[in-house]
Amino acid sequence: MGALDACEHTRLRAVVSSGFSPAILKAFEPVVRATATRLLEPLASLPEFDLVSQFASPYCLAVTLQFLGIPTETHDRCEQRLEQGLGSMQHGGSGGPGLLRAYAEELRECEPFARDLIAQRLAAPAPDLISHMLHERPGGHRLSTNEVIAQIPALITAGHLSPAQALASVVGHQLCSPGGWHEVAVGSVPIPQLVEEGLRADGPIIGTYRTARNEVTVAGRNLPAGTRLLLLYGSANHDERKFRQSDWFAPRRQPQTSHLAFGRGAHACVGATLARLELRVALEEMAARLPTLTLVSETVSVHRPAFPQRSLTALWVRPGTCPPQRAPVDGAGSPSDVDGCPVY
Ligand code: HEM
């Protein structure tokens with residue numbers, strides 16, 4: 001969907017986006033919460049664990065697969081494919097065409113499985129996104145089997161990776177803040193604000209590529225048709241004309257939601273409402289079940305080399321109490337009007 005232009009994009013997007021309506025998400029919230037609690041329960045008794053691989057990633061994958069309606073018994077296989085896909089993005093330069101070809105082959109192998117699942121949902125719709133895409137007709141159009149097949153891998157990838165990366169990032173930043181996790185546990189930092197500031201300050205997608213279809217003028221510069229552009233959302237989110245002390249993670253700052261972490265315009269993230277739901281629920285359950293969470297070490301700023309994604313490779317945390325949090329980077333004090341920590 002991200003690569004299509006109007007009118008095809010408009011038609012397809014109308015169906016997919018109607019599957020993320022407030023009513024659908026409200027009905028889905030108990031599944032999200034049950035997934036969070038199931039995964040968090042065993043972690044609370046461990047001396048320490050990696051938040052990325054032991055919670056954020058499996059949680060967001062399980063939520064996405066359940067939202068789409070992918071049967072539980074195939075979730076492990078989906079996880080392997082995602083790892084392979086991420087590997088091909090990381091090694092796009094060095095591993096090159098071989099890795100991409102292997103990933104493409106894997107995707108092709110998914111097709112019979114997707115076709116079979118779609119046949120089942122056509123015969124008997126379930127309360128999931130795949131059924132929704134097959135049966136709903138906003139504007140009088142519904143999607144064909146082939147169109148739904150094409151959406152499934154893209155939705156699984158987009159739906160799983162970015163929220164997992166965002167969750168690890170926001171927890172990492174809050175743990176590095178002077179108030180630490182305690183502020184979240186006692187509710188002095190509202191969780192929706194924490195989510196928005198995490199997305200603004202260190203969102204999981206730094207930018208996206210575009211090609212100008214027609215000649216266009218942007219900020220006084222004339223761009224001929226065919227110009228390749230890189231829209232840097234991550235940079236816009238640190239624009240000091242918009243956000244004071246923009247390089248500080250400060251969950252109490254205002255305004256909260258005017259960032260570009262989800263893009264903007266015709267292609268703005270279709271899953272933003274689901275992403276916000278999963279982030280909020282995960283943080284609520286973490287605050288309740290892991291109230292004394294702390295960082296194990298300072299090795300929080302190792303990111304995967306997978307531009308334009310920004311994702312921590314690991315975030316080791318300790319559920320029990322431990323020594324005080326590290327001070328802000330380079331001993332820098334918090335600016336007087338910002339209550340937070342520098343973005344690493
Ligand atoms: C924190 C989590 C997420 C972030 C930060 C994020 C960010 C983005 C961004 C920056 C774009 C591109 C916007 C543009 O091209 O201007 C995008 C597009 C998209 N996202 Fe997300 N996303 C997240 C979660 C999700 C989820 C949960 C889903 C679905 C389950 C999803 C599905 C999509 C799809 C299908 C598109 C393409 C939309 C279109 O081209 O019309 N995303 N997202």
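Both ligands and their constituent atoms are indexed starting at 1 by order of listing.
- Closest non-hydrogen pair, Gln309 versus Ile206, comes out as O-CD1, 4.5 Å.
- To the nearest 0.5 Å, atoms CE (Met133) and CD (Glu147) are separated by 10.5 Å.
- Look at Arg108 and Glu105 and you find a salt bridge, because one of the NZ, NE, NH1 or NH2 atoms lies within 4.0 Å of a carboxylate O, short of that distance.
- Within ligand 1, counting atoms from 1 as listed, the ones closer than 4.0 Å to a heavy atom of Ala261 are 5 (C), 7 (C), 10 (C).
- Heavy atoms of Phe67 found under 4.0 angstrom from ligand 1: none, in either backbone or side chain.
- Near Arg13, meaning under 4.0 Å from any of its heavy atoms, are these atoms of ligand 1: 38 (C), 39 (C), 41 (O).
- In this pair, His259 and Phe262 present their aromatic rings tilted. The plane angle is within the 30 to 60° band.
- With ligand atoms numbered from 1 in the order given, ligand 1 contributes 40 (O) to contacts under 4.0 Å with heavy atoms of Gly2.
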TODO: Begin from the C-alpha positions of Ser258 and Phe243 and carry the test side chain to side chain contact (heavy atoms under 4.5 Å, CB included) through to its verdict.
DONE: CA-CA 10 Å; Ser258 58; Phe243 303 102; 4.0 Å; yes
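- With ligand atoms numbered from 1 in the order given, ligand 1 contributes 39 (C), 40 (O), 41 (O) to contacts under 4.0 Å with heavy atoms of His9.
- Protein N/O/S atoms found under 2.8 Å from atom 21 (Fe) of ligand 1, listed by chain and residue number: Cys269 SG.
- Ring-plane geometry between Tyr209 and Phe307 is classed as perpendicular, the angle between the planes exceeding 60 degrees on a 0 to 90 degree scale with a lower cut at 30.
- Looking from atom 15 (O) of ligand 1 to the surrounding protein, the closest heavy atom is Arg210 NH2, 3.0 Å.
- For the side chain to side chain donor-acceptor pair (under 3.5 Å) condition, the pairs that include at least one residue of residues 260-276, sequence neighbours left out, are His9-His267, Glu196-Arg276.
- What sits closest to atom 16 (O) of ligand 1 on the protein, heavy atoms only, is Tyr233 OH, 2.5 Å.
- In this structure, Pro204 counts as a contact residue of ligand 1, since one of its heavy atoms falls inside 4.0 Å of the ligand.
- With hydrogens and angles left out, the side-chain atoms of Thr211 and Arg228 include a donor and acceptor closer than 3.5 Å.
- Scanning for side-chain hydrogen bond (donor to acceptor under 3.5 Å, both in side chains) contacts around Ser235 gives an empty result, with sequence neighbours left out.
- For Arg280, the side-chain hydrogen bond (donor to acceptor under 3.5 Å, both in side chains) test picks out Glu29, Glu284, with sequence neighbours left out.
- If you number the atoms of ligand 1 from 1 as listed, the ones under 4.0 Å from a heavy atom of Leu199 come out as 1 (C).
- Ion pair Glu136/Arg142 not flagged as a salt bridge, since none of the NZ, NE, NH1 or NH2 atoms sits closer than 4.0 Å to an Asp/Glu carboxylate oxygen.
- His267 O, 3.1 Å is the protein heavy atom nearest to atom 13 (C) of ligand 1.
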